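See below for the structure under consideration.
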Number of protein chains: 2
Amino acid sequence: MLDKNKQLLYEKQAEIAGAIAHPLRIAIIDFLKDGDQCVCDIADYIGSERSNVSRHLAVMVNAGILEYHKEGLKVIYSLKCKCITDFFTCAVKVVKQQVKENEKLLRAI
Amino acid sequence: MLDKNKQLLYEKQAEIAGAIAHPLRIAIIDFLKDGDQCVCDIADYIGSERSNVSRHLAVMVNAGILEYHKEGLKVIYSLKCKCITDFFTCAVKVVKQQVKENEKLLRAI
DNA sequence: TAACTATGTGATAATATACTCATATAGTAT
DNA sequence: ATACTATATGAGTATATTATCACATAGTTA
């Protein structure tokens, strides 16, 4: 059975996974991988409203995967833990595996 | 700007992250790490209804991170891609970092 | 000070997720 | 065939997430 401590860790980990679990947030993480960016540049890049981007950023800061600092009017966001990109490496593997299976299926038709 | 293909990949990756983003599902993944299991044993382990567990399993199969095979009445689930545990390694790092920061904060009071 | 720019937040509506209970399905055993 | 066990699913409710708009805040510049 699950003990309380493990459960607590699972909740925290679920929050972190949840903070990644959105196409726009993944786009943001992928963008920040190549360097820190302010909200307006992120918004331009992913093509969404600043208020919306601001909220998505807040979700990720809250989960502990992003950090930020202010520069004048701008707020610059950056990845707090580069290891987060390991997830993407795995996710790509999973997607490739699925594509392979779909190809097999297609050939069987 | 984001191109269509990247956007498609981001959506798929978000689905995978979403399939991890629940305490019970993380508990299940952690449980399956040590060996394949049937629904009823998973349900007993995490302490939730079988119907609920069945749905959580379906989410993960759908996202491509679990697979299953039938053995008589039982359905045995297993991790499809061990690399999924890399995410947990990173998540633990993130959590530890947060704890450290909280300790700093505490000492400042 | 006034106008401006970047960011964040409250309120709302739309949508998605999660859990529960009852029921369906499929395989097993008597 | 009947009763049983494991699993999955439909329906309903409760809750959470997301996007949008309007507005608030904070720093900048004229």
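The structure displayed is predicted, hence computed values, not measured ones.
Computed from coordinates, the A/Leu73 CG to C/dC4 C1' distance equals 9 Å when rounded to whole Å. Atoms CG (A/Leu66) and C1' (C/dT7) sit 15 Å apart, rounded to a whole Å. If you take CG of A/Leu57 and C1' of C/dG8, they are 11 Å apart, rounded to a whole angstrom. For A/His56 and C/dT9, the NE2 to C1' distance is 15 Å, given to the nearest whole Å. If you take CD of A/Gln37 and P of C/dA6, they are 14 Å apart, rounded to a whole angstrom.
Each of A/Gly18 and A/Glu49 was matched to the nucleotide of DNA chain D holding its nearest heavy atom; the match closer to the 5' end belongs to A/Gly18. Heavy-atom nearest nucleotides on DNA chain C were determined for A/Arg55 and for B/Ser51, and the one closer to the 5' end corresponds to A/Arg55.
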Legend entry - From CA spacing to verdict: side-chain contact (heavy atoms from CB on, under 4.5 Å), B/Tyr10, A/Asp30: CA-CA 9 Å; B/Tyr10 291 155; A/Asp30 200 35; 2.3 Å; yes

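Note that the first and last nucleotides of DNA chain D, 5' to 3', having any atom under 4.0 angstrom from a heavy atom of chain A are D/dT18 to D/dT28.
Here A/Tyr68 does not reach the OP1 or OP2 of C/dG8: none of its side-chain N or O atoms lies under 4.0 Å away. Within the 4.0 Å cut-off from OP1 or OP2 of C/dC19, at least one side-chain nitrogen or oxygen of B/His22 is found.
Around atom CZ of B/Phe31, more than 12 heavy atoms belonging to other residues, nucleotides or ligands sit under 6.0 Å away.
Side-chain contact between A/Leu32 and A/Leu66 is present, with at least one heavy-atom pair separated by less than 4.5 Å. Side chains of B/Gln13 and A/Val92 form a contact here, defined as non-hydrogen atoms less than 4.5 Å apart.
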Pair up each side-chain donor or acceptor in residues 96-105 of chain A with any protein partner under 3.5 Å, not counting sequence neighbours, and list the distances.
{"residue": "A/Glu101", "atom": "OE1", "partner": "B/Lys80", "partner atom": "NZ", "Å": "3.0"}
{"residue": "A/Glu101", "atom": "OE2", "partner": "B/Lys80", "partner atom": "NZ", "Å": "2.9"}

Under 3.5 Å, which donor-acceptor pairs do the side chains of residues 40-54 of chain B form with other protein atoms, sequence neighbours left out?
{"residue": "B/Ser48", "atom": "OG", "partner": "B/Asn52", "partner atom": "ND2", "Å": "3.1"}

